[in-house]
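As structure tokens, the structure follows; a few thoughts come after it.
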Amino acid sequence: MASETVRRLRWNSLGCDSAAFHAALFAVEPGQSQAFRIAPHNHDFFEMLYVMTGTGQHMVTAGAEACRDTPLMSGDLLFLRPDDCHSIYVPSGGRLHWMNIAFPQPAWEGFRQAAGLTEGDWDSARMPPAANLIGRDEKSACRVAFEDALGAFQRWRITGDGSAPSRLHLCRFLSEVAPFLTETSAQHEDMTVPLEPPWLRRTCLAFASSPAYIAEGLPRLTALSGVTYTHLARSLKSATGRTPTQYVNDQRLARAALLLTTSPLTIIDIAGECGFAQLSYFYRQFQHRFGLPPHAYRQAARRSVAPHSTVSG
């Protein structure tokens, strides 16, 4: 990418001065006899990109050294910043459908500050945020948000039906979509989910997003990976410093802590729900991870809301 001429796109050249954002749908169909390629480019505005179906390849370069070259697939959500140089490639006979929402820097800055998003996690991070949405509900919600924004823009742009999409409409779109990127990071704050290799990242995200998978444990993690246990263990250790057993326990304990503070389930039921066959082992692991036994952890969470005392008489 570095050897090619990089075209710079500018917001004022998109021809939508009265609209708060620009929206487009891209569809590459299998009938094409030649490969499809969007050449390397950057811009002076921000973009959100969501892949609905198909596969392709996406390369993004941020700064002089940071580079990410990953497959595109259904459920991929990408956030692209000004000066992030990127390109898309679909081989001959391939299919890729995606939606793109672009918006100017001042609009993003206003939203970021109002939403309390840390600049270092978004604007100045080494690489732009990205996520692959695994669950059906997540995919549906994200797609609906993009489709609503795309529909509003195209109705105004093509038919003149209604006023130009406003800043309020953009804020609604961003408030619906941005959490998918921030929650992916928050969900794994105790374990680095690798960007590479892509198969390992997808395996970790799929496993951690499903309570049923977490309860099944190591056999399910191995099955999701599609590789041998030895290869999985070597790759996971290299990428995160954790063995598969440690990774599974991390996810089980995180879910147990969530259930202790958000459900009335008994501790023994929570242990079973999270895949711990032995209650004593669950207690030891939980104490080691959180510094409190499960019952004390639950009590501390309840006391944090308001003090409680028993009044006689």
Side-chain angles (χ1 to χ4, degrees), residues 70-71 73-77 129-139 179-298 300-301:
T70 57
M73 61 190 61
S74 174
D76 276 351
L77 175 63
N132 180 261
L133 307 185
I134 303 295
R136 181 181 300 176
D137 291 344
E138 285 185 330
K139 285 185 175 182
F180 291 122
L181 295 167
T182 59
E183 287 171 2
T184 297
S185 300
Q187 182 181 16
H188 303 284
E189 61 184 359
D190 296 323
M191 190 205 80
T192 302
V193 174
L195 291 173
E196 300 291 344
W199 67 264
L200 181 58
R201 178 172 178 267
R202 291 193 296 272
T203 298
C204 292
L205 290 173
F207 182 85
S209 67
S210 170
Y213 290 170
I214 292 172
E216 291 178 48
L218 205 52
R220 174 56 63 180
L221 180 66
T222 306
L224 286 170
S225 72
V227 301
T228 65
Y229 174 79
T230 301
H231 186 40
L232 170 65
R234 182 170 57 248
S235 301
L236 192 62
K237 183 71 172 180
S238 174
T240 69
R242 311 294 282 170
T243 67
T245 298
Q246 289 171 328
Y247 171 75
V248 168
N249 277 342
D250 283 345
Q251 299 304 322
R252 285 177 167 176
L253 291 168
R255 174 151 176 77
L258 177 67
L259 291 175
L260 283 167
T261 56
T262 61
S263 82
L265 291 173
T266 66
I267 291 175
I268 191 170
D269 285 342
I270 288 174
E273 179 83 9
C274 296
F276 290 99
Q278 296 182 348
L279 190 60
S280 59
Y281 179 71
F282 169 61
Y283 266 81
R284 288 197 303 272
Q285 291 293 313
F286 196 94
Q287 172 90 38
H288 179 74
R289 170 73 178 275
F290 296 104
L292 291 171
H295 64 278
Y297 187 91
R298 170 173 271 175

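Here the structure is a predicted model, which is why all the values come from computation and not from measurement.
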Is the backbone N or O of A206 less than 3.5 Å from a side-chain atom of S209, with the two atoms forming a donor-acceptor pair by type?
yes
Where R298 and T266 come nearest, the two heavy atoms and their spacing
NH1-CA, 4.5 Å
Quick one: closest heavy-atom pair of F282 and A256, and the distance?
CE1-CB, 3.6 Å
For L265, I'd like to know if atom CG has over 12 heavy atoms of other residues, nucleotides or ligands within 6.0 Å.
yes
For Q287, what residues pass the side chain to side chain donor-acceptor pair (under 3.5 Å) criterion, not counting sequence neighbours?
none
N/O donor to acceptor pairs below 3.5 angstrom from side-chain atoms of residues 214-232, sequence neighbours left out:
| unit_1 | atom_1 | unit_2 | atom_2 | d |
| --- | --- | --- | --- | --- |
| E216 | OE1 | R220 | NE | 2.9 |
| E216 | OE1 | R220 | NH2 | 3.2 |
| T222 | OG1 | L218 | O | 3.0 |
| S225 | OG | T222 | O | 2.6 |
| S225 | OG | V227 | N | 3.3 |
| T228 | OG1 | H231 | N | 3.1 |
| H231 | ND1 | R234 | NH2 | 3.3 |

N132 and M73: which non-hydrogen atoms are nearest, and at how many Å?
ND2-CG, 3.8 Å
Taking only residues two or more places apart in sequence, or in another chain, which ones meet Y283 in a side chain to side chain donor-acceptor pair (under 3.5 Å)?
none
Spacing of K237 atom NZ and Q246 atom CD [to the nearest 0.5 Å]:
5.5 Å
Only distances under 3.5 Å count here; give the side-chain donor-acceptor pairs of residues 270-280 to other protein atoms, sequence neighbours excluded, each with its distance to 0.1 Å.
none

Side chains of Y297 and I267: closer than 4.5 Å at any heavy-atom pair?
no
With rounding to the nearest 0.5 angstrom, report the CZ to CZ distance, F286 to R289.
9.0 Å
Minimum heavy-atom distance between C204 and Y247, given as atom pair plus value:
O-OH, 2.9 Å
Say you draw a straight line from CG of L77 to CG of L181; how long is it, rounded to the nearest 0.5 Å?
4.5 Å
At their closest point, which heavy atom of K139 faces which heavy atom of S74, and how far apart are they?
NZ-OG, 3.6 Å
Side chain to side chain donor-acceptor pair (under 3.5 Å) contacts touching residues 255-265 (sequence neighbours left out):
none
Are the side chains of D76 and P71 in touch, meaning some heavy atoms are under 4.5 Å apart?
no
Shortest non-hydrogen contact from L200 toward S235:
CD2-O, 3.7 Å
